[in-house]
Each structure stands twice: as structure tokens, then as C-alpha cells.
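For reference, positions follow the sequence shown, starting with 1.
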Amino acid sequence: MRQAGRSLPEYLKVREGVPMLQACATPELVVEITMQPVRRYGVDAAIFFSDIVVPLKAIGVDLDIKPGVGPVVADPIRDARGLEVLRDLEPDDVGYVTESIRALVGELGGTPLIGFAGAPFTLASYLIEGGPSKNHDHTKAMMYGEPRLWHALMDRLTSIVARHLRIQIDAGAEAIQLFDSWVGAVAPDDYREFVMPYTRRIFEAVTDVPRIHFGVGTGELLALLGEVGADVVGVDWRVPLDEAARRVGPGKALQGNLDPAILLAPWEAVERKATDILRRGGQAEGHVFNLGHGVLPSTDPDQLKRLTELVHAFR
């Protein structure tokens, strides 16, 4: 989870003075940043360096990623007229994505590359709120109060996200991950009605590679996440993996789920918790060890190195 960057000194060096979205649109930087954790840690797969708002920026949405804040949208979508900016995504809009992935496939050799995108609910929240939100006030107001507008927005975002993933797969990504970072704010019944049909549509459009689905705070949604079509369900650190396996049900692998904050503790605490997660992961039909969310910026890279070695040595 966010292998590339934030805690790595080599990442901070190449990103110095380079805005996030500019870095995402510069193939040589994308390749270098994606490769950094592969070189340093020998992880089992590379995660494509990008951001979930890249396709929105590419089609003309006026947004920026502000340091310490996150994505900020200049003109939030609050009515039907706001939908006009959400045109279809074309391959030429993100030519730098195709160029970067093709270069990475050659650079990585036998190490697979995971592409990714943001899910419609999370993208909708940024577009409606105008930026990160604690309570998703405007988002839920539209969802409940203007369902026709909500479904029109989700429909357009679904097409954009599915196309963005297809472009990455066609360029050489060997798996994809769909991030619905904020969907944990939605109750199960509302998820079924307002979110699930669109997430399912995306996974139905990309059946030719392994598919991972991840959200934060989704303990109450895990059974539903297991039904939307992904092969692997990501689990944050709030639910033990053996319990997550029970909730998700048969036929799915799990990804997760070490609390990133534990990496700030002494190694003995990290080792104890990671080993427990590996054992609990054995209750699932498959387990991709990972963090339960992104690497914290103050994490010691040597802790991540030792963690990788521990996981590779576990039997």
C-alpha cells in the first residue's frame, strides 16, 4: 500500500520541487518511483505510481493535489450542469500512463505490475465535496436527496474508471486494484443501492487479470465487497483476517492487514503482530500480505525491509 514514496529518502529526493500530478504525468519519474521499493525491498509486485484523480485531471476537471490536504476541486459538482465536464476518457488523454507502463514492464522483468484506480464513490466524494471530507455531507445529501443526479454521476465515473483500468491492462499491467477509500462511510443497505452496481460493472469490464478491491473502514461491508466481482478483498487493520475470511466468504483471497502505525513501534512488536496476521491469513483461501492502509511518512525504511524478509521467510 503506497509502496512508492513518502518514507523513502530516494523518493523524497526525486519528488523535491515536483508537484504530485506533474510527477504522475512524467514517465521517467513514474518508472523511477515505481521501481524504488522493488529495488530496495524485493517485494513480490510493483505498484504503479500514480494517483486516483489522474483520469479526472486528464479529462479536464479543474483540480490539484495540495500537499498536506489532498485532492482539491475548484468547482464542486452539485447539480446536473456540473456533470458536463465528465466526458469519456480516451487513451490519448493519458498517453503518459501507457508509456510509463510499457517502460516498466521492460524494466521489471519477471516482477508483475499492479495498476490501480479510484472507485466511483470515492471519486464522487472528492468531486461533490470539493476535497477530502470527514462526514461526506454534500455527498450523502445528493445520494439521498437527489438520487437521479447521484446515479448519473456514478454512471459517468464508472465508465471513466473502467476505461482507465483497461488502458493500464492493455499497456501491460498484470493485475489491478480498485481503491474505494471512503466507502466505509456508507451503510450496507445504501452500499447495495447506491454503490454496488457501479463497482460490479467495473469488475465485469476487466475480467482478464486478477482484481483486488480495497476500502477503509469497511468491516461492515466485507460480505458485500466479496460479492462485487473482485478476486481479492483488501482488509484494513480493524478486522482480524480470520474473521474477515468468514465475512467475505469462500472463493476469495484476502489482502492485508498490518496497521501502518505498528511500524513505528520497536521491531519486536512488528514481528509479533505480523506473524499473527500471517497465521490468521491462513484461514483465507489465499492471502496477500500487505499493510491495512498506506505507509506513514515517518516509517523507518529498515522496518519495511525487515517486514518483507519476515513475510518471505514465513512458513
Same apolar cluster (I L V M F W Y, side chains within < 4.5 Å links), L12/L264: no
Here the gap from E243 atom CD to R238 atom CZ, rounded to the nearest 0.5 Å, amounts to 15.5 Å
Okay, side chain of D79, backbone of G82: is any donor-acceptor separation there less than 3.5 Å? yes
Does a side-chain heavy-atom distance below 4.5 Å link V228 with M196? yes
Got a sec, which pairs hit salt bridge (charged side-chain N to carboxylate O under 4.0 Å, His left out) with one end in residues 276-296, sequence neighbours left out? D242-R280, D276-R280
Would E10 and K13 count as a salt bridge (charged side-chain N to carboxylate O under 4.0 Å, His left out) here? Give the steps. CA-CA 5 Å; E10 56 266 41; K13 183 177 179 180; over 6 Å; no
Distance check, rounded to the nearest 0.5 Å: L304 atom CG versus S7 atom OG? 5.5 Å
Apply side-chain contact (heavy atoms from CB on, under 4.5 Å) to the pair H136 and S133, showing each step before the final yes or no. CA-CA 5 Å; H136 308 278; S133 172; 4.2 Å; yes
Kindly list each side-chain donor-acceptor pair under 3.5 angstrom involving residues 210-220, sequence neighbours excluded, with atom names and distances?
{"residue": "R211", "atom": "NE", "partner": "D231", "partner atom": "OD2", "Å": "3.1"}
{"residue": "R211", "atom": "NH1", "partner": "F203", "partner atom": "O", "Å": "2.9"}
{"residue": "R211", "atom": "NH1", "partner": "G229", "partner atom": "O", "Å": "3.2"}
{"residue": "R211", "atom": "NH2", "partner": "G229", "partner atom": "O", "Å": "3.0"}
{"residue": "R211", "atom": "NH2", "partner": "D231", "partner atom": "OD1", "Å": "3.3"}
{"residue": "H213", "atom": "ND1", "partner": "L178", "partner atom": "O", "Å": "3.0"}
{"residue": "T218", "atom": "OG1", "partner": "G215", "partner atom": "O", "Å": "3.4"}

Following the transitive rule for hydrophobic clusters with a side-chain heavy-atom cut-off under 4.5 Å over Ile, Leu, Val, Met, Phe, Trp and Tyr, establish whether L21 and V85 coincide in one cluster. yes
If Ile, Leu, Val, Met, Phe, Trp and Tyr residues are connected whenever their side-chain heavy atoms lie under 4.5 Å apart, and connections chain through other members, are I33 and V18 in the same group? yes
What one should report as the nearest heavy-atom pair of G226 and K252 is O-CE, 3.0 Å
Between Y144 and W150, do the side chains contain an N or O donor and an N or O acceptor separated by less than 3.5 Å? no
The reported gap from CG in D64 to NZ in K57 (rounded to nearest 0.5 angstrom) is 6.0 Å
Restricting to non-hydrogen atoms, name the atom on I128 and the atom on M142 that form the minimum distance, rounded to 0.1 Å. CD1-SD, 3.7 Å
Least distance between heavy atoms, F194 atom then H151 atom: CD2-NE2, 3.9 Å
Step-by-step side-chain contact (heavy atoms from CB on, under 4.5 Å) determination, R87 to I59: CA-CA 7 Å; R87 65 171 176 82; I59 62 172; 4.0 Å; yes
Going through the checks in order, is the salt bridge (charged side-chain N to carboxylate O under 4.0 Å, His left out) test met by R201 and D155? CA-CA 10 Å; R201 206 171 97 196; D155 180 69; 2.7 Å; yes
Would a single hydrophobic cluster contain both Y41 and L307, if residues Ile, Leu, Val, Met, Phe, Trp and Tyr are joined by side-chain heavy-atom contacts under 4.5 Å? yes
Report the C-alpha distance between Y198 and L157 in whole Å, list the side-chain angles of each, state the deciding distance to 0.1 Å, and finish with yes or no for side-chain contact (heavy atoms from CB on, under 4.5 Å). CA-CA 9 Å; Y198 303 100; L157 289 172; over 6 Å; no
Find the distance between CG (D88) and CD1 (I160) and round it off to the nearest 0.5 Å. 7.0 Å
Any non-hydrogen side-chain atom of V97 less than 4.5 Å from a side-chain atom of Q168? yes
Any non-hydrogen side-chain atom of L254 less than 4.5 Å from a side-chain atom of V232? no
Do the ring planes of F116 and F179 sit parallel (below 30°), tilted (30 to 60°) or perpendicular (above 60°)? perpendicular
Residue pair Q255 / Q177, side-chain donor-acceptor N/O under 3.5 Å: yes
Check whether any side-chain heavy atom of H293 sits under 4.5 Å from a side-chain heavy atom of D236, and report yes or no. no
Is any side-chain N of the basic residue among D170 and R163 closer than 4.0 Å to the acidic one's carboxylate O? no
Return each pair, listed once, that meets side chain to side chain donor-acceptor pair (under 3.5 Å) where at least one residue sits in residues 299-315; pairs must be two or more places apart or across chains. D44-H312
Would you say the side chain of I167 lies within less than 4.5 Å of the side chain of P91, judging by non-hydrogen atoms? yes
When you check the gap from the basic side-chain N to the acidic O, do R39 and E32 get nearer than 4.0 Å? yes
Within the 4.5 Å heavy-atom criterion, are P76 and E129 side-chain neighbours or not? no
The salt bridge (Lys or Arg N to Asp or Glu O under 4.0 Å) partners of E227 (sequence neighbours excluded) come to none
Value for CG (L86) from CG (L153), rounded to nearest 0.5 Å, stands at 6.5 Å
Pairs of donor and acceptor atoms involving the side chains of residues 24-31, under 3.5 Å and at least two apart or interchain, shall be tabulated with distances.
{"residue": "T26", "atom": "OG1", "partner": "Q22", "partner atom": "O", "Å": "2.6"}

Check this for me: does any side-chain nitrogen of one of R272 and E268 sit under 4.0 Å from a carboxylate oxygen of the other? no
Would you say that E174 contacts I169 through its side chain, given a criterion of any heavy-atom pair below 4.5 Å between the two side chains? no
Side-chain heavy atoms of Y126 within contact of W182, under 4.5 Å: yes
Of all heavy-atom pairs linking A185 and K140, the shortest is O-NZ, 2.7 Å
Applying the 4.5 Å side-chain criterion to the ILVMFWY set and letting contacts propagate, would L225 and W237 be lumped into a single cluster? no
Mind checking the CD1-CG spacing from I52 to L56? Nearest 0.5 Å is all I need. 8.0 Å
Residues 100-115 side chain polar contacts: donor-acceptor under 3.5 Å, at least two apart:
{"residue": "S100", "atom": "OG", "partner": "Y96", "partner atom": "O", "Å": "2.6"}

Minimal heavy-atom distance between P120 and I202, with the atoms involved, is CD-CD1, 3.4 Å
Residues A205 and R166: closest non-hydrogen pair is O-NH2, 3.4 Å
Check the pair D180, V195 against side-chain contact (heavy atoms from CB on, under 4.5 Å), reporting the backbone distance first and the verdict last. CA-CA 10 Å; D180 214 348; V195 181; 4.0 Å; yes
